[in-house]
Amino acid sequence: AGYGGSADAHHMVQPQDDGAGALAAMRAALTDAGLVAGDIDYVNAHGTGTRQNDAMEARALTTLFGKRRDVAVSSTKSMHGHTLGAAAAIEAATVVLGMTEGFVPPSAGVLQPTPELGSLTLVTRALVRAPRIALSPSFAFGGNNAALIFAHPDTLARPAPSRPRAPEPRCVISAATVACGHGTSAEAATIADWLEASLPPPSPARAGRTPATVLGASTVRRMDPLSQSITAVASLTLTASHAPTVARLGIGIGTSFGAMQPTRAFLARLFGKGPTLVNPLDFPNLVHNAPAGHAAIALGARGLNLASCQEETCADEALHALLAALSEDAVDAALVAGGDLDDPSLAAGYAHVDRALGTAGSLHSVVGALLLEEAASCTKREHRPWAEILGVGRAGLHDGVRGAVGRALEQAALARHEAVTIDLWLRGATDALMARHEALAASLPALAAAKTLDARHVLGTAGGAGAAVVADRSGHSRVPQ
């Protein structure tokens, strides 16, 4: 029925004591569902069983529900354990099962309820009744918070409170940054020069300003290399936008492989030396949402915070999600960033794939970031945006590139009230199959006169940076838009 997200922008592993970030996610979910706290009768709590986390969550819940005694609260982690990335999905399934089978699951093995729960009812034995409207919050490393609301099918017959629907805002890219083998730049002219020279990157490594010079040595000290790089380009992008402080800044990160080198080092030490000789503080940097959490903390971004991991479409997916959040007024602005760093194990893997498919490619260190805003925000501060986003298309393998491009063109035609013609097409096929898909897309009339460009040749195979560095190409007036 509803979804909400936020970020503490506080610490990678310690939750914000007052539960403000958790509360923001829950309230955003209620707003999205068109409901109020009084409609909720069951909470499937995140409930990790740790003192600090449980106290924080309990404070958020008592702030949300006050002194109500009719709200049942339990954590099913007491029975299935903490499954990290799968936790919210398992708990969602449990909530839905309880709704359809007629029970409220318990918190098993509780000896002492969390005092901060106040008057809320902690369920320690299963209740034989179906939840009507349930709230299921989840919290992750980096201070990432999310909340889902589920409604029993019978409740859907009740008319939801009407919410006025504002016109879709015009969304623009107000600034962007690329860091690759040629260097690091937030200047459209510099990036255009790299591309127009059509020279491959001099090395797989990222060049230019180091993250420490951008963020400060003390800031990057606890970050893994990927988080350092992505946070640095995000910071440069925010600075280049000349935007004032954004109260609800969303962050979406795309990475195909995450922190490969630190993960390999951690696992080698774990299996070689044993669990007592690994540093547990290294572990939060190994999850795929670590760059999003670090960026939120460094930039004070408390809006929707997410990570996407679908190989080279992951930054596209992050962009799609944050565009939706921006159009629904869930965030005031959004940073979309992506990237991966070259690594020996990835180089070996790519070489194996190339031999099998008869292709030629390798992974380079490429990271990129762009800032999404409503056009009105740029107009207000007299800032010229790089580009306006007219359409976004997605499709599965059946419809392929042609289907995705066709959907984007349909959106663009609606935005412009007329069919659009594409001047520049950034193609990205890495193998024969994708090349065939692109050839099918090329038959679309809107692409008939488009100039084509392979950004991979110049910037390197970008991995998770794909969408971000491609979007950066549109920002200079010397090239077609």
Side-chain angles (χ1 to χ4, degrees), residues 176-187 190-191 193-195 197-215 219-220 223-237 253-265 285-286 288 290-292 294-295 298 307-316 318 335-354 360-370 426 428 430 454-473:
T177 304
V178 173
C180 63
H182 292 286
T184 301
S185 180
E187 296 292 332
T190 301
I191 299 167
D193 286 341
W194 295 341
L195 291 160
S198 194
L199 296 174
S203 77
R206 184 183 51 77
R209 297 181 64 184
T210 65
T213 62
V214 176
L215 302 169
T219 300
V220 303
M223 294 182 185
D224 62 281
L226 180 62
S227 293
Q228 292 177 6
S229 295
I230 286 181
T231 302
V233 296
S235 177
L236 289 170
T237 302
I253 300 297
T255 177
S256 300
F257 306 106
M260 284 293 295
Q261 189 279 328
T263 298
R264 289 193 297 109
N285 283 334
L286 310 184
H288 273 35
H294 278 300
S308 180
C309 310
Q310 293 98 343
E311 206 183 9
E312 294 203 11
T313 66
C314 55
D316 295 82
L335 272 164
V336 178
D340 285 285
L341 303 182
D342 67 299
D343 180 86
S345 63
L346 288 177
Y350 266 70
H352 180 77
V353 171
D354 288 341
S362 60
L363 186 73
H364 298 77
S365 291
V366 188
V367 291
L370 52 88
L426 290 113
T430 55
D454 182 3
R456 297 173 194 276
H457 172 69
V458 179
L459 301 177
T461 301
V469 298
V470 163
D472 293 346
R473 174 59 172 152

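Hydrogens, waters and symmetry mates are skipped; everything else that's a heavy atom, side chains included, is used.
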Would you compute the distance between atom [atom1] of [X] and atom [atom2] of [Y] and round it to the nearest 0.5 angstrom?
X	Y	atom1	atom2	value
Thr184	Arg209	OG1	CZ	8.5 Å
Trp194	Cys180	CH2	SG	4.5 Å
Thr263	Asn285	OG1	CG	9.0 Å
Met260	Leu286	CE	CG	11.5 Å
Ile253	His294	CD1	NE2	11.5 Å

Run the side-chain hydrogen bond (donor to acceptor under 3.5 Å, both in side chains) test against [X] and tell me which residues pass, sequence neighbours left out.
X	answer
Ser227	Asp224
Arg264	Asp343, Ser345
Asp342	Ser365
Ser308	Gln310

Partners meeting side chain to side chain contact (heavy atoms under 4.5 Å, CB included) with Thr219 (sequence neighbours left out):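 Counting only residues at least two positions away or on another chain, Thr219 forms a side chain to side chain contact (heavy atoms under 4.5 Å, CB included) with Leu215, Met223, Ala298.
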Partner set under side chain to side chain contact (heavy atoms under 4.5 Å, CB included) for Ala207, not counting sequence neighbours: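 If we apply the side chain to side chain contact (heavy atoms under 4.5 Å, CB included) test to Ala207, skipping adjacent residues, there are no hits.
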Looking only at heavy atoms, what is the nearest atom pair of [X] and [Y], with distance?
X	Y	answer
Ala315	Val336	O-CG1, 3.9 Å
Asp340	Gly258	OD1-N, 3.5 Å
Ala232	Pro211	CB-CA, 3.9 Å
Ser185	Thr190	OG-CB, 3.3 Å
Leu226	Gly339	CD1-O, 3.7 Å
Ile230	Ala337	CG2-CB, 3.9 Å

Ser235 side-chain N/O to Thr231 backbone N/O, donor-acceptor pair under 3.5 Å: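 No, Ser235 side chain to Thr231 backbone: no donor-acceptor pair under 3.5 Å.
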Trace of the side-chain hydrogen bond (donor to acceptor under 3.5 Å, both in side chains) decision for Asp193 with His182: CA-CA 10 Å; Asp193 286 341; His182 292 286; over 6 Å; no
